[in-house]
A.B. asks: 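The structure under discussion is supplied below as structure tokens; questions concerning it will follow.
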Amino acid sequence: FSRIWRRRPGSARNRGRSSAASDDRRTCDSSARRTRRPSTSSIAAATTIVKTGEAAEGAYFTQTSFDTEGAKVPDNVRTFVDAFRAKYHEAPDLYAAHGYDAVLVLAEAIRQGGDSASAFWKGMRSVHEFPGVTGTLQFDDKGDVAKFPHVYIVTGGKAVDVEAERQRQIEIARQKM
């Protein structure tokens, strides 16, 4: 993906290609740094931003929060992160956290409802305010998860929570007063 964005008209890679294709790449390349583009949460995967490079800058996406740093990290998140690092020698990403939550919710639904199919769905609907590592989980009467995603933007090669960054900037401004 990043190779496509970095190609320049007239470069060795582009010789023999149509000028229209080169013009498209030049347009994408120059506008990538100036515009904000919607994306999916898959851009926030551990290596995607790094591999995409500068072309990822300004991409907006939504995803549930998975904060592993700071003083306000819940104990269940710290325990999960520590266990994951001990086993895999790297920090967990959002997908690992979702997988972990899914297994815990499955076990809770079976505990509350039973292991038959109908009892399981009854158990799923009875899961309320479950303390997952990606936040509090609960399910509606159809079994859909009720969670509110955060909006992120790729800035400086990192996914930044837009609202958290706004609050941080407000706090910095208050301290300067």
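Predicted, not measured: the structure shown is a model, and the values here were computed from it.
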A.B. asks: According to side chain to side chain donor-acceptor pair (under 3.5 Å), does anything in residues 153-170 pair up with another residue at least two apart or in another chain? List the pairs.
C.D. replies: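 For residues 153-170: His150-Asp161, Glu163-Arg166, Glu163-Gln167, Glu165-Arg168, Glu165-Gln169.
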A.B. asks: Using modelled atom types only, decide if a donor and an acceptor are shared between the side chain of Ser116 and the backbone of Ala119 within a distance under 3.5 Å.
C.D. replies: yes
A.B. asks: Give me the atom names and distance for the closest heavy-atom approach of His128 to Arg125.
C.D. replies: NE2-O, 3.3 Å
A.B. asks: How close do Val127 and Gln112 get, heavy atom to heavy atom, and via which atoms?
C.D. replies: N-OE1, 4.1 Å
A.B. asks: For the atom pair CE (Met124) and CZ (Phe130), what is the distance rounded to the nearest 0.5 Å?
C.D. replies: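 Atom-to-atom, Met124:CE and Phe130:CZ are 10.5 Å apart.
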A.B. asks: Side chains of residues 77-87: which donor-acceptor pairs under 3.5 Å do they make with residues two or more places apart or in other chains?
C.D. replies:
from, atom 1, to, atom 2, distance (Å)
Arg78, NH2, Gly70, O, 2.8
Thr79, OG1, Asp75, O, 2.9

A.B. asks: Mind checking side-chain contact (heavy atoms from CB on, under 4.5 Å) for Thr136 and listing every partner two or more places apart, or none if nothing turns up?
C.D. replies: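 Thr136 satisfies side-chain contact (heavy atoms from CB on, under 4.5 Å) with Glu129 only.
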A.B. asks: Would you give me the side-chain donor-acceptor pairs under 3.5 Å for residues 97-104, sequence neighbours excluded?
C.D. replies:
from, atom 1, to, atom 2, distance (Å)
His98, NE2, Thr64, OG1, 3.2
Asp101, OD1, Val133, N, 2.7
Asp101, OD2, Val133, N, 3.3
Asp101, OD2, Thr134, N, 3.0
Asp101, OD2, Thr134, OG1, 2.5

A.B. asks: Enumerate the ring-ring contact (aromatic ring centres under 6.0 Å, His included) contacts for residues 151-177, please, sequence neighbours excluded, ordered by first and then second residue.
C.D. replies: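 The answer is Phe61-Tyr152.
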A.B. asks: Please say yes or no: joined through hydrophobic side-chain contacts below 4.5 Å, possibly via intermediate residues, are Leu94 and Tyr88 part of one cluster?
C.D. replies: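 Cluster IDs for Leu94 and Tyr88 match.
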A.B. asks: What's the spacing between Arg111 CZ and Phe120 CZ if we round to 0.5 Å?
C.D. replies: 13.5 Å
A.B. asks: Quick test of your reading: applying ring-ring contact (aromatic ring centres under 6.0 Å, His included), list the pairs with at least one residue in residues 154-177, sequence neighbours left out, ordered by first then second residue.
C.D. replies: none
